[in-house]
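FYI, side chains are in, hydrogens and waters are out, and symmetry mates aren't considered; it's all heavy atoms of this structure. What you see is a predicted model, and the numbers here were worked out from it, not measured in a lab.
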Protein chains: 2
Amino acid sequence: MEETSDTPDDELDRAFLALADPVRRAIVARLSRGSATVNELADPFPISKQAVSKHIQVLEQAGLVTRTRDAQRRPVHLAPERLEALTAWIDRYRLVRESQYRSLDALLGSTGPGAPPHHHAPPPDKEHPS
Amino acid sequence: MEETSDTPDDELDRAFLALADPVRRAIVARLSRGSATVNELADPFPISKQAVSKHIQVLEQAGLVTRTRDAQRRPVHLAPERLEALTAWIDRYRLVRESQYRSLDALLGSTGPGAPPHHHAPPPDKEHPS
DNA sequence: GCCTTGTTCAACCAGAAGGTTGACAACACC
DNA sequence: GGTGTTGTCAACCTTCTGGTTGAACAAGGC
């Protein structure tokens, strides 16, 4: 069981943070139907183009979109691999594995922030998620 | 506007935002192996318990964890449904249809200044493709 | 009743996020 | 060459976030 097999913490940070904004999610949704330019992306939103440009930069730094150059236009394309990395992360924890692991790990030992936790062996409480 | 059927924007906001922090992701990872109390969760992190308590509140408001009461303890449990809602959202956009992708060139070529004619004929989905 | 454990509340602070406006670079068109 | 479109950069403002410390509340144990 490897955590973060190919996705560093920073990248997960940026990717989740990028999707934590409705404007950026709408941009992703729109890009999934085809690439678009900044103006096209900015059009449906009541905010300035500069703000949308910033959103796109956030998405780009998160690895969720890429950009090419076509004259003065900078078309934006969705980069689905990063989205798959997110589902990969989530899928590791969607399934709550209970009984057998609980005895091993109720506490933890060696984890700093940013590193996935390991296990220890202290007094587990017996609450199960309904 | 039929957002209420699936996952409202606010909930997605909170859920993605909650996962955009390495401490909170580590808490989720930890909880996937079994429920834990605030003290247990706070132990591996170099931050105060109050800070961890805040993180847990963020996760709770995001619907990612639930809490019960056990004497003076407040054990925290993972709530996998919300995680599945996130993968459900992502899965809508992971798949980029190639035909539209290819039509990028046509789009770029035809979208003139003044930008009136968007000629995307095959829009199978709107905001939420199933 | 009092003390200990577990958790939260309140006030506060530094830094980042998201928005604005204005100016400017790059390129196309006339 | 001048004009206009596309997009970004810079400065600025406001709000939110993540952290701190210190005190307070809740439930058992003595």
If only side-chain N and O atoms of A/Asn39 are considered, is one of them under 4.0 Å from the OP1 or OP2 phosphate oxygen of D/dG7?
-> yes
Can you check whether A/Pro80's main-chain N or O pairs, donor with acceptor, with B/Arg94's side chain at less than 3.5 Å?
-> no
Interatomic distance where NZ belongs to B/Lys49 and P belongs to C/dT5 [whole Å] | 10 Å
5'-most contact on DNA chain C: B/Val38 or A/Val23, nearest heavy atom basis?
-> B/Val38
Any Lys/Arg nitrogen of A/Arg30 or A/Glu40 sitting under 4.0 Å from an Asp/Glu carboxylate oxygen of the other?
-> no
Any donor-acceptor pair under 3.5 Å linking the side chain of B/Arg92 with the backbone of A/Ser32?
-> no
Length of the line joining A/Phe16:CZ and D/dG18:C1', which is rounded to integer Å | 19 Å
Per-nucleotide protein contact along nucleotides 23-30 of chain D, 5' to 3', at a 4.0 Å heavy-atom cut-off (B base, S sugar-phosphate only, - neither), is ----SS--
Quick one: B/Asp43 CG to C/dT5 C1', roughly how many Å, whole number?
-> 15 Å
Determine yes or no for a side-chain-to-main-chain donor-acceptor pair under 3.5 angstrom, with A/Arg24 supplying the side chain and A/Ala18 the backbone.
-> yes
Can you tell me the distance, in whole Å, between the CD atom of A/Gln57 and the C1' atom of C/dG19?
-> 14 Å
Just to confirm, is there a sub-4.0 Å distance from OP1 or OP2 of D/dT8 to any side-chain nitrogen or oxygen of A/Ser53?
-> yes
Beyond-backbone contact of B/Asp21 with B/Val58, side-chain heavy atoms, under 4.5 angstrom = no
Rounded to whole angstrom units, what separation is found between the CD atom of A/Glu40 and the C1' atom of D/dT5?
-> 13 Å
Would you indicate, yes or no, if D/dG19 has its OP1 or OP2 atom less than 4.0 angstrom from a side-chain nitrogen or oxygen of B/Ser48?
-> no
Which of A/Leu59, A/Thr66, A/Val28 passes side chain to side chain contact (heavy atoms under 4.5 Å, CB included) with A/Leu78? Answer is A/Val28
Specify the separation, in whole Å, of atom CG of A/Asp13 and atom P of D/dT17.
-> 15 Å
Return the value, rounded to whole Å, for the distance between atom CZ of A/Arg73 and atom P of C/dC27.
-> 13 Å
On the 0 to 90° scale, with breaks at 30° and 60°, tag the A/Phe16-A/Trp89 ring pair as parallel, tilted or perpendicular.
-> perpendicular
So B/Ile56 and B/Arg67, side chain to side chain contact (heavy atoms under 4.5 Å, CB included) or not? Walk me through it.
-> CA-CA 9 Å; B/Ile56 294 170; B/Arg67 321 183 68 174; 3.7 Å; yes
Which sits closer to the 5' end of DNA chain C, B/Arg67 or A/Pro46, going by the nucleotide each is nearest to?
-> B/Arg67
Keeping the roles fixed (side chain from B/Arg82, backbone from B/Glu84), state whether a donor-acceptor pair exists under 3.5 Å.
-> no
Might you list the N or O atoms of the protein lying below 3.5 Å from N or O atoms in nucleotides 13-18 of chain C, with each pair's distance?
unit_1, atom_1, unit_2, atom_2, d
C/dG18, OP1, A/Arg24, NH1, 3.4
C/dG18, OP1, A/Arg24, NH2, 2.8
C/dG18, OP2, A/Arg24, NH1, 3.0

